[in-house]
Number of protein chains: 2
Amino acid sequence: MAAWVRFVAVLELLPGVFDGQLRRDSGVTHFEYFVMAVLSETPGRTLRMAELAGATNATLSRLSHVVQRLEDRGLVERLPCPGDGRAINARLTESGWAKMEAAAPGHVATVRRHVIDVLTPEQIEQLAAISDAILASVDLPGPMAAGYRRYDEPGDAKES
Amino acid sequence: MAAWVRFVAVLELLPGVFDGQLRRDSGVTHFEYFVMAVLSETPGRTLRMAELAGATNATLSRLSHVVQRLEDRGLVERLPCPGDGRAINARLTESGWAKMEAAAPGHVATVRRHVIDVLTPEQIEQLAAISDAILASVDLPGPMAAGYRRYDEPGDAKES
DNA sequence: CCGCGAAAGTTGAAGCGACAACTTGATTCA
DNA sequence: TGAATCAAGTTGTCGCTTCAACTTTCGCGG
């Protein structure tokens, strides 16, 4: 119970820390940063919207809005996907790549300062295991779904 | 690094899970629930806005809006604080108490299902320690030391 | 006792996310 | 083949959060 209260505080405060730092220093949301980060790590810096949504744990609606804003700022571009007329490829532009290179150091430093550096190596491994366990119960379609899939959950009835 | 990606996914997904469950089942946001929960655990079910903000890790502005909405729905009430003309006491109403009693079981069940029950007792302790470490680095620039004060408060801290 | 700065809240505008409705392109199957 | 169905995205609206003023009150020094 005490653990829960503190964990809730973390859930409440950490996103604001990252969001604030990125917005002040680079004019980007944490989620925008994450979207561009995923694109930048992809061969061709291009991904279909649906896959990008899966990789960033977002709904298509949310991603659509975000990509719209990023496109207005010239950080990504939308290309029709050859072979499937309804799919759209999102691609990180050169400008977007430059934005990432400018924003990454500050963000990484913030992550280190508030998470990595305050934990021991054992705690980091523990955090990974804990996150895995939680994700398994929450994350029905997940990030890195390949090789990560569980066949079924016991008694997990997610009501509508 | 792999730990970080998974932890980010947790930070991204868990709030939505709790928020969705509470909104569907009880018509309350997770933060509204948390605000009322803190009030319900306070002697007199009453707290000054600033202290409530500290206990819920929120800004005064955010809390003001939320309490406004809760007051419109009759779940809390605002009382001028005797002794300090600028302070406001937020108090959980009977209706708000009833709402909490109705909402709590479902929320607790959700928390258990997605967090408590998927972790071992050791992991829960680890999570508490990890949360503590992260909070310590996040609270430094902020007035949020109250997260710990919530449970060792002897009676009413109205005058200092 | 007066003025000044800080504390406690409030307010309004702007931005982001959730949700539902909608459009359009692919699939399936009778 | 053609109609029903599903998948991929988009759009619009609404509610919540943030940010920057703003108001009022308290405390303090002159």
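Quick caveat: nothing in here was measured; it's all calculated off a predicted structure. Chain letters run A, B, ... following the sequence lines, proteins first, then strands; residues in each count from 1.
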Report task. May I ask you to say whether B:E32 pairs ionically with B:R73, meaning some side-chain N is under 4.0 Å from a carboxylate O? Result -> yes
Query raised in the report: Has the side chain of A:S61 got a donor or acceptor that lies under 3.5 Å from a partner of the other kind on the base of D:dT11?
Result: yes
Report summary line: Closest to the side chain of A:R48, out of D:dT10, D:dA8, D:dT13, is D:dA8
Requested in this report: Could you say whether A:G20 or A:S64 is positioned toward the 5' end of DNA chain D, judged by the nucleotide with the nearest heavy atom to each?
Outcome: A:S64
**Report entry** Contact boundaries on DNA chain C for chain A, cut-off under 4.0 Å to non-hydrogen atoms
**Finding:** C:dC16 to C:dA26
Query raised in the report: Where each residue is assigned the nucleotide of DNA chain C containing its nearest heavy atom, which of A:G83 and A:T59 is assigned the position nearer the 5′ end?
Result: A:T59
Requested in this report: Examine D:dT24: is either OP1 or OP2 under 4.0 Å from a nitrogen or oxygen in the side chain of B:R86? Give yes or no.
Outcome: no
Requested in this report: Looking at every strand, decide which applies to A:D84 at a 4.0 Å heavy-atom threshold: base, sugar-phosphate, or nothing.
Outcome: sugar-phosphate
Requested in this report: Assign A:R78 to base, sugar-phosphate, or nothing according to its heavy-atom contacts below 4.0 angstrom with the strands shown.
Outcome: sugar-phosphate
Report task. Answer yes or no: is there a side-chain heavy-atom contact under 4.5 Å between A:R78 and A:Q68? Result -> yes
Query - Toward the 5' end of DNA chain D, by each residue's nearest nucleotide, A:A87 or B:E32 - result: A:A87
Report summary line: A:E12 CD to D:dT17 C1', in whole Å, measures 11 Å
Query raised in the report: Does a side-chain N-to-carboxylate-O contact under 4.0 Å join B:E77 and B:R45?
Result: no
